Amino acid sequence: MSQFSQTQRVRAVDLARFKAEGRKIIALTAYHAHTASILDPYCDFVLVGDSLGMVMHGMESTLPVTLDMMIVQGQAVMRGTRRALVVVDMPFGSYEASKEQAFHSAVRVLKETGAGAIKMEGGSRFAETVAFLTGRGVPVMSHIGLTPQSVNTMGGFRVQGKDAEGEHRLLEDAVSLSEAGAFAIVMEGIVEPVARRIATEPKVTAPTIGIGASAACDGQILVLEDMLGLSDRMPKFVKQFGSLRSQIEEAVTAYVEEVRAGRFPADEHTYRGSSN
Ligand code: KIV
């Protein structure tokens, strides 16, 4: 370890300890240095999610997001954090072709951002890739259930685990990814009984992180802009803990009024001469 590192960050392996201690794992997404710095003291991990394509860039899905975009925002979030584990999403097309492709993309992310882990969507069919990466020093967080990168093959953003076949497949996904070495598994949009079954399955030793997958999970994550009330489209599983959209509108309206009325900038915002 560098003699200059002053703060010990949460590491991927620490999440298993939090689960063993029965302490809920807390996570939110961030794409920017300033929001990441606000979350840093409170979150065990901050996810630089590929949801940034939709949330920051107004894209219709996460599919157009590139590895370069993830790396730029990963660097920003690393600059804004000192203690939380930073996990960077692998975007669509950067890991599916082969385990070697996944390794090269993941190494770019870890080297160029300094993040502590990557996240990859997909179930059992990616277990071999997860084992390949973890065996070569890349901590992998898996993501199952409603996986937005599969929107075209799923036929939309659909809640998962509604029938016996879906339940069986999700359980198999979680067991195989956990056995392959995933240090945590994000479970998105999964009905409560199935999420509970997976979260309490002894063969699933990896901590489960829920987003629309009930309180049975070992931890929870939400997209920051959703829980702050900034996003305009909100899934059922989001609770709005803030109302930033209306606060921003209020502030912008006040600014417009004051500029129009000539009240802003006032004296205290004005450089009068060489003394100030
Ligand atoms: O991209 C993202 O923000 C995510 C979370 C929704 C888990 O994957």
Side-chain angles (χ1 to χ4, degrees), residues 12 15 24-32 35-36 39 43-67 69-74 76-77 84-96 105-106 109 113 115 117-123 126 130 139-151 154 157-160 170 173-174 177 182-190 195 198-199 206-214 217-228 230-231 233-241:
L15 269 52
K24 289 277 187 191
I25 297 164
I26 311 295
L28 284 165
T29 62
Y31 320 123
H32 312 104
T35 47
L39 310 185
C43 287
D44 297 311
F45 73 89
V46 173
L47 173 70
V48 187
D50 64 350
S51 54
L52 65 83
M54 298 170 81
V55 176
M56 270 179 72
H57 295 274
M59 294 169 175
E60 278 301 307
S61 75
T62 57
L63 300 186
V65 174
T66 64
L67 196 58
M69 288 165 79
M70 296 309 304
I71 288 172
V72 169
Q73 302 313 141
V77 169
L85 168 68
V86 173
V87 182
V88 177
D89 240 343
M90 299 271 273
F92 181 62
S94 69
Y95 62 94
E96 302 90 329
S105 300
V109 170
T113 66
I118 57 101
K119 177 167 83 59
M120 246 172 50
E121 291 187 11
F126 287 102
V130 171
V140 181
M141 175 176 283
S142 287
H143 182 161
I144 62 170
L146 194 171
T147 45
Q149 292 175 17
S150 305
V151 61
M154 284 188 311
F157 296 110
R158 294 188 195 291
V159 176
Q160 303 290 303
L170 285 168
D173 284 342
L177 292 164
F183 74 89
I185 302 176
V186 169
M187 304 211 292
E188 179 167 356
I190 298 178
I198 296 171
T208 52
I209 312 296
I211 171 159
S214 86
C217 297
D218 300 305
Q220 296 292 326
I221 185 163
L222 282 174
V223 170
L224 182 68
E225 284 76 355
D226 290 352
M227 63 87 85
L228 291 179
L230 254 181
S231 310
R233 282 183 294 180
M234 215 84 76
K236 170 189 165 71
F237 60 73
V238 176
K239 175 171 176 180
Q240 267 184 241
F241 288 86

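Keep in mind it's a predicted model, so treat the numbers as computed, not measured. First listed ligand is number 1; within each ligand, the first listed atom is number 1.
Contact annotation: the side chain of Phe126 never approaches that of Asp173 to less than 4.5 Å [non-hydrogen atoms, C-beta and beyond]. Residues Val186 and Glu121 fail the side-chain proximity criterion, which asks for heavy atoms closer than 4.5 Å. You'll find the side chain of Gln149 reaches within 4.5 Å of the side chain of Tyr95, heavy atoms only.
At the top of the distance list for atom 2 (C) of ligand 1, counting protein heavy atoms only, stands Ser51 OG, 3.3 Å. Protein heavy atom at the shortest distance from atom 7 (C) of ligand 1 is Leu47 CD2, 3.8 Å.
For ligand 1, the atoms closer than 4.0 angstrom to any heavy atom of Asp89 are 1 (O), 2 (C), 8 (O). Within ligand 1, counting atoms from 1 as listed, the ones closer than 4.0 Å to a heavy atom of Gly49 are 1 (O), 2 (C), 3 (O). Of all the atoms in ligand 1, the ones that sit under 4.0 Å from a non-hydrogen atom of Thr29 are 3 (O). Taking every non-hydrogen atom of His143 and a distance limit under 4.0 Å, the qualifying atoms of ligand 1 come out as 8 (O). Annotation for ligand 1: atoms under 4.0 Å from non-hydrogen atoms of Ile211 are 6 (C).
In terms of modelled atom types and a separation under 3.5 Å, the side chain of Gln160 and the main chain of Arg158 share a donor-acceptor contact. Panel note: side chain Glu96, backbone Ser94; a donor-acceptor pair is recorded below 3.5 Å. Side chain of Glu225 to main chain of Met56: no donor-acceptor pair is present (N/O by atom type, distance under 3.5 Å, no hydrogens or angles). Under a 3.5 Å cut-off, the side chain of Thr208 and the backbone N or O of Ile185 do not form any donor-acceptor pair.
Taking any N or O of Glu188, backbone or side chain, none lies under 3.5 Å from an N or O belonging to ligand 1.
Judged by the shortest distance from any of its heavy atoms, Lys119 lies inside the 4.0 Å radius around the atoms of ligand 1.
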